[in-house]
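For reference, the structure discussed in these notes is given below.
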Amino acid sequence: MRSSLGGPRVLLRRLREVMAEPVSAQARLDKIVTVIAANMVAEVCSFYVMRADNTLELFATEGLKREAVHMTTMKADEGLVGLIARQAEPLNLQDAQHHPAFSYRPETGEEIYQSFLGVPVLRSGNTLGVLVVQNRAHRLYSDEEVEALQTTAMILAEIIAAGELKSLARPGTDIALTRSLALDGQPLSDGVGLGYAILHEPRVVVSNLIADDSAAEQRRIDEAIADLRASIDRLVDRGDIVHGGEHREVLETYRMFANDPGWTRRLREAVQTGLTAEAAVERVQSDNRARMLRQTDPYLRERLHDLDELANRLLHRLLGRDMVDGRVQLPDNAILIARSMGPAALLDYDRSKLRGLVLEEGGPTSHIAIVARALGIPAVGTVENITGLVEAGDAIIVDGGAAQVQVRPQPDVEAAYKEKARLRARRQEQYRKLRDVPSITKDGVKIALHLNAGLLIDLPHIQETGADGIGLFRTELQFMVSARMPSASEQINLYRTVFDGAQGKPITFRTLDIGGDKILPYMRTGEEENPALGWRAIRIGLDRPGLLRAQLRAMLKAAAGQSLRIMFPMVATVDEFDRAKAMVKREVTHLERYGYTLPTSLKLGVMVEVPSLLFEIDEIAHRADFLSVGSNDLMQFLFAADRENPMMASRFDPLSPSCLRALRLIAEAGAKANIPVTLCGELGGKPIEAMTLIGLGYRALSMSPASIGPIKAMLVDLDAGAIKTHLDMLLAEADGAASLRPALMAFAQNHGVPV
Ligand code: PEP
Ligand code: MG
């Protein structure tokens, strides 16, 4: 077996010299393949670059025929090189010619070479090219040689990423790194935004790849790992900040990985090949990301994601940086790119500069989506590997309604979207003109349109949209964006400001709906297997009356001399509502006794979002002053489909007979008890769904500000009587139909209702 000349470190040193030479890009590549071939005692070294059209093009070779450079291309599913690109893993063969994937290219003259070693050129887990060495004799390359070639591939990845090779691509072709991509996801928030990528958690760009002193780098990586372990231990032990639930689980996983001997060994081995400590982390991280992208088991993917984040922490540590994000230097026209994000993190950014949001996670009824809609930021979720595909500063277009993201768009695509944005702006202008038009159907039925809100930033929308009031004020948002429990006076102040902002229009406050996915970082709750089905909302309120009592008191005080409407979330039994009402009564008595001015009227309502209430709907309707359907949760519990899980996002249609019958039942119970019924889930903000709700008997809907215009435009052209008759007929004849959507769309079309 031959041994390499001088090993990987000498190779890296030679490559560094080549990188520093003032030669053309092609000359540099030619030298690099020559140096690699000489160092690895290989007769051939070839470098293929992935093009935008998913074709691998030979960019440089030592040993194969030179004329084949830029002439030989193969599809990404062709030959051994294609196989490596596809699998993103090295291929080490003694007898390449008999491998089933071998494809013969006469122009290269490679038929005389038996042994073959190829590695993917990876960056952030994406294959940018393939690097190959070949020998005439049958031989199996050693692990050390495979490692050395992978390290070298990393240098080539950086050359590609630096844009040096763009000029070498054949006219009319482009290399993959700079190619335009159209990616699909889930719609989170409507609108079209054009701008430039900002990574919420920026990847660290490692520019210093080759070590001067490998022993020193070895010490650096060891120290950084030890440091990382200690910091995670500290976080896990600091029970006051991080406790229970997901936070702890994530940290425990980090701790496990940080102590994993395999991970540490791979990092140390990468340093031994002559890389700097940070380049070694990037190497191992890139392999890991490539595995992650090809992993289909969601649990394993999640673990690989954890490992990715851990590597990111290690990089920050090595470079002596905190985990900073782009908030400081947010450019104008920023498109925020993140794997996942909580509502509070989004609110930290300067809204005036955000043009869009793209997430790898997040479904349409997730809370980040709700906040994005409140802020009017176009957003798309569930976009696979967006953080790996996009570099900071890349041009991005977010089309929230179509759930599409354009990465590095071609000029014609950009022009088309600019036109779309212009049209949208014109339509918005028309909606603004509808602001003072009464929301009354063609046949004279008043439909109250209310806003969903939860933060002070929402208040100006009441005037802007001409909404009839606030149909759902999510009080927990104030608690979620705060670093500690808001005091009684802070709560009173917020509620007073909301009254002031509403200028006499009605507001429905919802008591704290925490638990499930709405976690307060400062509140200790136990670990739960199924938080959405667990200790949350009114359940916490009744079990910890101190919290609910303080909130009710703050609302009553803030509403002095005005009308107050309070509703309770996640009520599952009549008894729960009775107990909540008793608490309110006690607070009223208490304030009366101490001479406080009371609200002029007090209405107490129930959110209908737990299916058990459907079977006690008359009893609850007789006790409540109003009902409000929380369709986000009602859907999730009716269909047993997690609202935060993107895979469930479009699986069940709310316009299915089962769901519509449930909604009709609630509307009818309200009518029978002579109390108003409103709907405040995301359903009410979509035209075809809102049309259907009016047909079911709903006369008040609450929605995000951007929906008011489209819904009003729809209903002024709607005949409420006609849709009711039609819908009753459709439901009577549904007979197992999965969805009535097509039939309802046809109705809208035939009757000129803009949906
Ligand atoms: C709902 O469940 O539909 C709702 C309006 O409340 P939230 O989305 O805050 O759970
Ligand atoms: Mg809810």
Side-chain angles (χ1 to χ4, degrees), residues 199-204 206 215-272 275-289 291-292 295 298-325 327 338-342 344-345 348 361 387 480 482-485 517 519-529 531:
L199 296 170
H200 173 51
E201 278 166 352
R203 274 196 314 275
V204 180
V206 178
E217 295 301 320
Q218 199 63 254
R219 278 195 301 280
R220 283 185 69 223
I221 192 86
D222 287 347
E223 279 166 18
I225 293 171
D227 209 26
L228 179 74
R229 286 177 181 163
S231 80
I232 293 174
D233 286 347
R234 275 197 304 278
L235 275 177
V236 175
D237 296 341
R238 224 166 57 192
D240 57 343
I241 293 190
V242 192
H243 47 73
E246 266 184 86
H247 293 275
R248 184 171 191 106
E249 222 173 85
V250 168
L251 283 174
E252 290 287 8
T253 316
Y254 281 176
R255 172 142 78 179
M256 187 183 84
F257 281 134
N259 287 287
D260 173 31
W263 188 58
T264 325
R265 181 175 41 75
R266 284 203 301 282
L267 288 169
R268 301 189 91 236
E269 278 172 5
V271 172
Q272 273 156 22
L275 292 175
T276 58
E278 43 272 41
V281 178
E282 182 138 311
R283 245 290 322 268
V284 172
Q285 190 179 11
S286 199
D287 289 353
N288 169 53
R289 248 186 177 260
R291 270 168 51 212
M292 179 167 79
Q295 181 57 253
Y299 176 79
L300 290 178
R301 267 181 84 108
E302 199 49 41
R303 297 288 75 83
L304 289 165
H305 261 305
D306 290 341
L307 196 50
D308 191 40
E309 292 198 8
L310 193 66
N312 224 7
R313 277 170 189 264
L314 193 55
L315 276 182
H316 279 92
R317 215 152 267 284
L318 280 165
L319 294 167
R321 289 189 213 152
D322 286 335
M323 292 285 283
V324 288
D325 52 40
R327 264 163 277 202
R339 193 189 140 216
S340 66
M341 202 184 212
D348 273 352
E361 297 181 349
T387 58
M480 285 164 74
S482 170
R484 54 178 175 74
M485 188 76 82
D517 61 317
I519 297 160
L520 304 185
Y522 44 83
M523 194 173 130
R524 204 176 277 270
T525 55
E527 224 161 287
E528 296 185 277
E529 280 290 327

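- Distance CZ/Arg255 to CG/Leu228: 12.0 Å, rounded to 0.5 Å.
- Pairing each heavy atom of Val281 with each of Ala311, the nearest pair is CG1-O, 3.6 Å.
- For the pair Arg266 and Asp287, the minimum side-chain heavy-atom distance is 4.5 Å or more.
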Mind running side-chain contact (heavy atoms from CB on, under 4.5 Å) on Met256 and Asp260 for me, showing each step along the way?
CA-CA 6 Å; Met256 187 183 84; Asp260 173 31; over 6 Å; no
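- Side chain of Glu278 to main chain of Leu315: no donor-acceptor pair is present (N/O by atom type, distance under 3.5 Å, no hydrogens or angles).
- Considering CD1 of Ile221 and CD of Glu269, their distance stands at 12.5 Å, rounded to 0.5 Å.
- Side-chain contact between Arg317 and Ser231 is present, with heavy atoms from C-beta onward closer than 4.5 Å.
- Here Ile225 contributes atom CD1 and Thr264 contributes atom OG1; the two are 5.0 Å apart, rounded to the nearest 0.5 Å.
- Across all their heavy atoms, His200 and Ser340 have their closest contact at CD2-O, 4.2 Å.
- In this structure, the side chains of Glu217 and Arg220 come closer than 4.5 Å at one or more pairs of heavy atoms.
- Rounded to the nearest 0.5 angstrom, Trp263 CH2 and Leu314 CG are separated by 4.5 Å.
- A distance of 9.5 Å separates CD of Gln285 from CG of Leu310, quoted to the nearest 0.5 Å.
- What you find for Leu267 and Ala280 is that their closest heavy atoms are O-CB, 3.8 Å.
- Side-chain N or O atoms of Ser286 include none that pairs as donor or acceptor with a backbone N or O of Arg283 at under 3.5 Å.
- Asn259 has its side chain within reach of Arg229: a pair of non-hydrogen atoms, C-beta onward, lies under 4.5 Å apart.
- With rounding to the nearest 0.5 Å, the separation of CG in Leu199 from CZ in Arg339 is 14.0 Å.
- Using a 4.5 Å cut-off on side-chain heavy atoms (C-beta onward), Val206 and Leu318 make no contact.
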